[in-house]
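Reminder, nothing fancy here: chain letters follow the sequence lines and each chain counts from 1. All values below were derived from every heavy atom in this structure, side-chain atoms included, with hydrogens, water molecules and symmetry-related copies excluded.
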Amino acid sequence: MNSLRLFFVGGLISYRALFGWLSPWILIPTFLFAPLFQIFLFVYIGRTAGVSDDRFFLIGNAVVNAAVPCLFAMGNTIGGERNAGTLPLLIASPAKRVPLFLGRALPVILNGFLVAVFALVVGALLLRVDLPPATWGGIAVAIAACSISCTGLGLLGAAVALRVRETAVMSNIVLGTLIVFAGVNVPVGAMPGWMQGVAQWLPMTHGIHATHDLAAGRSLGSVSGALLTELLLGAFYATLGLALLRWLEWESRARATLDTA
Amino acid sequence: MLRLVGVAWWLQVKMRSRSAFDGLLSLLWPGFFATTIFMMFRQGDASGPALLSAAVGSSAMGIWSAVSTTSAFALQMERRQGTLELLVLAPQPFALLLVPLTLSMATIGAYSMVATLLWGRIAFGIEISIADPVAFVLAVVVTVFAIGMLGMLIAISSIRYRSAWAVGSALEMPVWLICGFLVAINDLPAWVRPLSAVLAPTWGVAAMRSAATGHSPWANLGWCLLTAASYGVIAVLVSRWMVHSARANATLALS
């Protein structure tokens, strides 16, 4: 019961306390305005370069924007505590670490999902891209899978934040890597072999590919393999993140470096 | 005045070069976009002038990247460091004191421009043959100055807002798009074009592209300088109003 309370109530309080993004001054430009302009930018570049169609860039850039809250908010899970001076209290608390950090991931997953859905819906309306209503359910499932897997990667970022002070810079670098490698603007099949190899191990790659297939009219069942891979990758990164958190937490205590990263 | 700008610019460049992590991001962030864009143009079988034009536009993106978010956040940082009051009290126009601040950001962005051009040459084999190298370098210098001035206007306009960094960050891609860094202005909707025309980077990037492809860059450079100068005039007026308001309401440190 205590773990459940920690998971749900602790996660929500942490989300509300640590992320000033709930302010409209941040929420609107970061989650509504920027994703739309990323879509427009790449749609127009795609037209100039003479590649793909608007729908390809709309889907890739809308879905990858789920990564913004997933990566930055999870990085803030540690970085924000440090800035607020509450990191030692968090680490000293007897709370179980798995519900503590996974609970913090839950609102972030929802946030990422909503950002991507907003970008996709409004982007489709403004660009007059047709996404048949029959595909909406499947696309929502694919976006949810991407948000979950990216939050797993974000949890790994949160662990690294015990050693790195500039969590926003780190999250930007990870986001940029996803934009290049995850098939957002260039199909993975059109990339050099080594890039395809990297892409297979990144969150978003399989989810974006599945979203393209679903938008093209394929059934949810036919992309279940890709979505499962996406979720497994998320679980892999989340497990790695929790293990790294445990180890770095221990090392921070041993070396007294918790607040000096 | 020139000494003030020169010394403060150099001091700011040194301060901004201290963080290896920030320096890495200023190279990598526009590099990610440039890489994607090079791959897209390569996928579209672009070659020759089209690829060179894309390389020039991509390389200039880094200059704006280095300015957009940081300039919006610049005065908030001064406030946090407790130096905003000193800047306001200095016996020089407040707007003038911000010129070296944002100019240093654009200068750091110029590093990423060089890095992106080298990246395009080495990783993608893009032939960087600049038709008029002297005019190109001049166009880069003027563009850096103009983007610095635009950054100054953003910095002053956002002095009252604690979350200005988010607005600055959200301006990054719109400016890349509507200033024709990679997309011809004529390909954008007609209602966007007047907006492009009042933004100095539009003219700066057009001048760079003209110099690179052997066309005359001078008219574009003239417009770039004119728009940049107009930002200076607006910034002086806005700063007087903002500073007066902050003094009158005692909100300089509290915004």
Problem set entry | Top contributor to chain B contacts, counting heavy-atom pairs under 4.5 Å, from A:P187, A:A34, A:A190, A:G176 | A:G176

Seminar exercise, completed: Assert top hit (heavy-atom pairs under 4.5 Å, partner chain A, pool B:V183, B:L182, B:L188, B:I178) equals B:V183

Problem set entry | Contact origin within B:T36 toward chain A - heavy atom pairs under 4.5 Å | both

Problem set entry | From B:Q43 atom CD to A:N185 atom CG, the distance as rounded to the nearest 0.5 Å | 9.5 Å

Seminar exercise, completed: Of B:G44, B:G31, B:A184, the largest count of non-hydrogen pairs under 4.5 angstrom with chain A goes to B:G44

Problem set entry | Any residue of residues 41-49 of chain A which, by heavy atoms, sits under 4.5 Å from chain B | A:L41, A:F42, A:Y44, A:I45, A:G46, A:T48, A:A49

For this session: Fit a plane to each ring of A:F181 and A:W194, take the angle between them on a 0 to 90° scale, and name the class: parallel (under 30°), tilted (30 to 60°) or perpendicular (over 60°).
Result: perpendicular

Exercise. Between B:E127 and B:R121, is there a salt bridge with N-O shorter than 4.0 Å?
Worked result: no

Exercise. If you look at every heavy atom in A:V108 and A:P69, which pair is closest and at what distance?
Worked result: CG1-O, 3.4 Å

Exercise. With a 6.0 Å cut-off on ring centres, are B:F38 and B:F41 close enough?
Worked result: no

Problem set entry | chain A contact via B:L24 - which portion, at a heavy-atom distance below 4.5 Å | side chain

Problem set entry | Intermediate values then yes/no, side-chain contact (heavy atoms from CB on, under 4.5 Å), B:L171 and B:T69 | CA-CA 8 Å; B:L171 285 176; B:T69 309; over 6 Å; no

Problem set entry | B:R16 and B:S104 side chains, donor-acceptor separation under 3.5 Å | yes

Exercise. Relative to each other, are the rings of B:F33 and B:W29 parallel, tilted or perpendicular (30° and 60° limits)?
Worked result: perpendicular

Problem set entry | Which portion of B:L28 sits near chain A, non-hydrogen atoms under 4.5 angstrom | side chain

Problem set entry | Smallest separation among heavy atoms of B:A207 and B:P217, with atom names | O-CB, 3.4 Å

